[in-house]
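We count ligands from 1, going down the list as the structure has it; atoms in each ligand are counted the same way.
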Amino acid sequence: MEITTIVALTFIGGLVLGAGFALAIRRDHGAKHEPTRETIPPGADAVLSVLPSSVVLLDGAGSVLKATAPAYALGVMRGQELAVPEISRMVQQVARDGQVREDDLRVEAGSNLVHIHARVAPLTSRYVIVLIDERTQAERATELRRDFVANVSHELKTPAGAIAVLAEAIQAASHDPDAVAYFAARLNDESNRMTRLVEQIIDLSRLQHDVLDDDPVPVDVEQILADAAAAVHHAVEAKSISIETSCVPDLKVRGHPGQLESAVSNLLENAVAYSADGAVVRASATVTDENAHITVSDTGVGMSSDQTERIFERFYRVDPSRGRTTGGSGLGLSIVKHIAASHGGTVSAKSAPGAGSVFTITVPRLKNDTVDGSGPQL
Ligand code: ADP
């Protein structure tokens, strides 16, 4: 239990005990008072409201004497009653034997399912206090981490397995130079794919933990487009695709040039991979009042709107079998999304099957008078 909570509870214990005596004396005098609110002295109210947890205070019979507003918001209280049967049961047990109890529970708050940690303790011999902490965010983070590790292991198994099979094939074909050359080329592809995957996983986890090596600097967007186009030249040449770039003059944003280039080259890589040979891919940058918009568009295979909604999820691929031909991992767009977010912006996609796709990164632009470094902070 946090130290502030312990101090606060000791204080409330004293107040409640004092108030209990006051109530007993008043009862002795035959006064007709409700046995509820009067057992909560004004000081206790104030102390309860500063506790970091949601709090419900009950008497030994299980009647609620006080519940803080967050306890209602979490769905633990309804009207004057505890709304979670498991907590009511814990209260009865604590009132009976004075032993502290705690449990992780799921409760419905409106239409949401909320994870909570409930701790129920005796407060003096007459009262029971329930402290509740929301764990939904923490649970979600744990779930995401679990999924991520499972997905990474699965994704790494595919090229690792292929490398082992190809190595065996080379061994078996050692007297056939053509076969050796063929399998060696495939081995090279798989090892590149694995290297790319590992690099992307490292990028993603660095971005997610906001571990950024350098401070943000003013970044020239036209340069980013040029560098990103240069970074994908192998893929472009292999498919005889041409990349056309255009940018409004002097457009700058504040950020990390390496990351921004990686975001745009990820979009260009996809545009090239999902376009037919000889197609044209466009990368352009425009401005509105506050923002820079970097758009990458292609006339390739496109996607349905259902698919467009999911493509920014990690490891999501519209057609997993395409991954083998495009060398895709399903991580590229989640990296783009994180980079856009870490620059205070967003990325969106518009697409239709057979009609190509348009991806737009929108980030705050640096106005000319703020280029000196006093402009918007990331
Ligand atoms: P991948 O490494 O598989 O390309 P991404 O995260 O970059 O992973 O993309 C996720 C999925 O979105 C891809 O598998 C592909 O199906 C779809 N996608 C991305 N960009 C395009 C595009 N320009 N045209 C068509 N489909 C695309």
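Within a 6.0 Å radius of NZ in Lys239, other residues, nucleotides and ligands contribute more than 12 heavy atoms.
Residues Ile87 and Ile116 form a side-chain contact, since some pair of their non-hydrogen atoms from C-beta on lies under 4.5 Å apart.
Every atom of ligand 1 is numbered from 1 in the order shown, and the set under 4.0 Å from a heavy atom of Ser357 is 22 (C), 23 (N), 24 (N), 25 (C). Atoms of ligand 1 lying under 4.0 Å from any heavy atom of Leu331, numbered from 1 in the order shown and given with element: 6 (O), 8 (O).
Polar contact with ligand 1: present for Leu333 (N/O pair, distance under 3.5 Å). Ligand 1 has no nitrogen or oxygen under 3.5 angstrom from a nitrogen or oxygen of Ser334.
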With a cut-off of 3.5 Å and sequence neighbours excluded, list every side-chain donor-acceptor pair involving residues 174-188.
| unit_1 | atom_1 | unit_2 | atom_2 | d |
| --- | --- | --- | --- | --- |
| Ser174 | OG | Gln171 | O | 3.3 |
| Asp176 | OD1 | Asp178 | N | 3.2 |
| Asp176 | OD1 | Ala179 | N | 3.2 |

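Between Arg193 and Glu190 a salt bridge is recorded (basic side-chain N to carboxylate O distance below 4.0 Å).
Checked by atom type and distance alone, the side chain of Ser63 never pairs as donor or acceptor with a backbone atom of Asp59 at under 3.5 Å.
Considering only non-hydrogen atoms, atom 19 (C) of ligand 1 lies nearest to Asn270 out of Asn270, Ile335, Leu197.
Contacts with ligand 1 closer than 4.0 Å are made by no heavy atom of Phe312, backbone or side chain.
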